[in-house]
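Written below as structure tokens is the structure these notes are about.
Every chain is numbered from 1, with letters handed out A, B, ... down the list of sequences. Values reported hereafter were calculated over all heavy atoms of this structure, with side chains retained and with hydrogens, waters and symmetry mates removed. No experiment lies behind these values; they were computed from the predicted model shown.
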Amino acid sequence: MGTQREGLMAIFNRLYGFFGPQHWWPGKTPFEVCLGAILTQNTAWKNVEKCIKTLEENGLLDPARLSALSITDLALLIRPAGYYNIKARRIKSFLNLLMEDFGGDLEGLFSLGPIEARERLLSVHGIGPETADSMLLYAGNLPVFVVDAYTFRVLQRHDLIWEDATYNEVQGLFERNLDNDVKLFNEFHALFVAVGKNFCRKHKPRCKGCPLNGC
DNA sequence: TGCCAGGCCGGGT
DNA sequence: ACCCGGCATGGC
């Protein structure tokens, strides 16, 4: 039988052949990517776009300027993302780390490398594994595999993981078996989101035409 | 119209 | 170590 590596690459190749390159993350600057990573927690990306646009129009896509805002002012600006009170605090906590420990320079954080930088991010209240890994991969260009709800759902429906698999276990599956290549990890996660959004939705999987042979 | 979205935390077993 | 409720807007 095929190796896990071959199984994973088969999925990748099918998704890539179907959807093509995804050009992720859908954000321009690394800082914008980091904000988006927090704003999109359990939230549709569409809602996040409004917030990013508002922030940009107000010249606030900048660590120093954004950290000058109060939590309540920030919350008002990110209302469309939902959970806006919580997310305003989470963004504040992230900005505190960035400003106090790295002088507002994301490169200072990422230059610590994936292990150290991940630890620092996870120490921030409101940043969990997926949010941290999204920042590391898509803002920092570090070889970290991002696992999300779609990844779990797709792998489970294809019996590639147990139902009780943890984040770290699934991440390890990819990082152990694949080349730790930023470009591959970038594309792979984006493709999971693409197939998840289009075919493997929660209670009504629209499997018709799914490139993975049904969900 | 309800259900769900690219999570995470805190309190209870 | 799990399990579950809370957080909230907007789109399909």
Do side-chain atoms of [X] reach the backbone of [Y] as a donor and acceptor pair under 3.5 angstrom?
X: A:S123; Y: A:L121; answer: no
X: A:D62; Y: A:A64; answer: yes
X: A:K87; Y: A:L39; answer: yes
X: A:E6; Y: A:T3; answer: yes

Identify which nucleotide among [options] has an atom closest to any side-chain atom of [X], counting heavy atoms from C-beta outward.
X: A:N85; options: C:dA8, C:dG10, B:dG7; result: C:dA8
X: A:R153; options: B:dA5, C:dG11, C:dA8; result: B:dA5
X: A:Q41; options: C:dG11, B:dC8, C:dA8; result: B:dC8
X: A:T131; options: C:dA8, C:dG10, B:dG7; result: B:dG7
X: A:P80; options: B:dC8, C:dA8, C:dG10; result: C:dG10

Given the P atoms of C:dA8 and B:dG10, what is the spacing between them in whole Å? 14 Å
Take atom C1' in B:dT1 and the same atom in C:dC7, then report the distance between them in whole Å. 22 Å
Does A:T43 or A:K50 map to a spot on DNA chain C nearer the 5' end, using the closest nucleotide for each? A:T43
Are side-chain heavy atoms of [X] and [Y] found at a separation under 4.5 Å?
X: A:I91; Y: A:I78; result: yes
X: A:F102; Y: A:F110; result: no
X: A:F94; Y: A:M135; result: yes

Send over the distance from [X] [atom1] to [N] [atom2], rounded to a whole Å.
X: A:K53; N: C:dG10; atom1: NZ; atom2: P; answer: 14 Å
X: A:E49; N: C:dG11; atom1: CD; atom2: C1'; answer: 12 Å
X: A:D133; N: B:dC8; atom1: CG; atom2: C1'; answer: 14 Å
X: A:L39; N: B:dA5; atom1: CG; atom2: C1'; answer: 14 Å
X: A:N198; N: B:dA5; atom1: CG; atom2: P; answer: 14 Å
X: A:I38; N: B:dG7; atom1: CD1; atom2: P; answer: 14 Å
X: A:I86; N: C:dT9; atom1: CD1; atom2: C1'; answer: 14 Å
X: A:I78; N: C:dG10; atom1: CD1; atom2: C1'; answer: 15 Å

Closest non-hydrogen atom pair, [X] against [Y]:
X: A:V144; Y: A:P114; value: CG2-CB, 3.9 Å
X: A:L173; Y: A:Q4; value: CD1-NE2, 3.4 Å
X: A:T43; Y: A:Q41; value: OG1-O, 2.9 Å
X: A:L98; Y: A:F31; value: CD2-CE1, 4.0 Å

Quick check on B:dG7: is either OP1 or OP2 less than 4.0 Å from any side-chain nitrogen or oxygen of A:N42? yes
Verify the contact: side-chain N or O of A:Y84 to OP1 or OP2 of C:dT9, cut-off strictly under 4.0 Å; return yes or no. yes
So, A:D133 and A:Q171: side-chain donor and acceptor under 3.5 Å apart, yes or no? yes
If you restrict it to nitrogen or oxygen atoms, what contacts under 3.5 Å exist between nucleotides 1-4 of chain C and the protein, and what is each distance?
none

Any base atoms under 4.0 Å from [X], or only sugar-phosphate, or nothing? Heavy atoms, all strands.
X: A:D148; value: sugar-phosphate
X: A:A149; value: sugar-phosphate
X: A:K87; value: nothing

Could you spell out the base pairing of DNA chain C in dot-bracket, with Watson-Crick or G-U pairs whose two distances are under 3.5 Å, [ ] crossing and | to another strand? |||||||.||||
Measure the acute angle between the ring planes of A:F174 and A:F192, then classify it against the limits of 30° and 60° as parallel, tilted or perpendicular. perpendicular
Would you list the protein and nucleotides 9-13 of chain B atom pairs, both N or O, that sit under 3.5 Å from each other?
residue : atom : partner : partner atom : Å
B:dC9   : OP1  : A:G126  : N            : 3.1

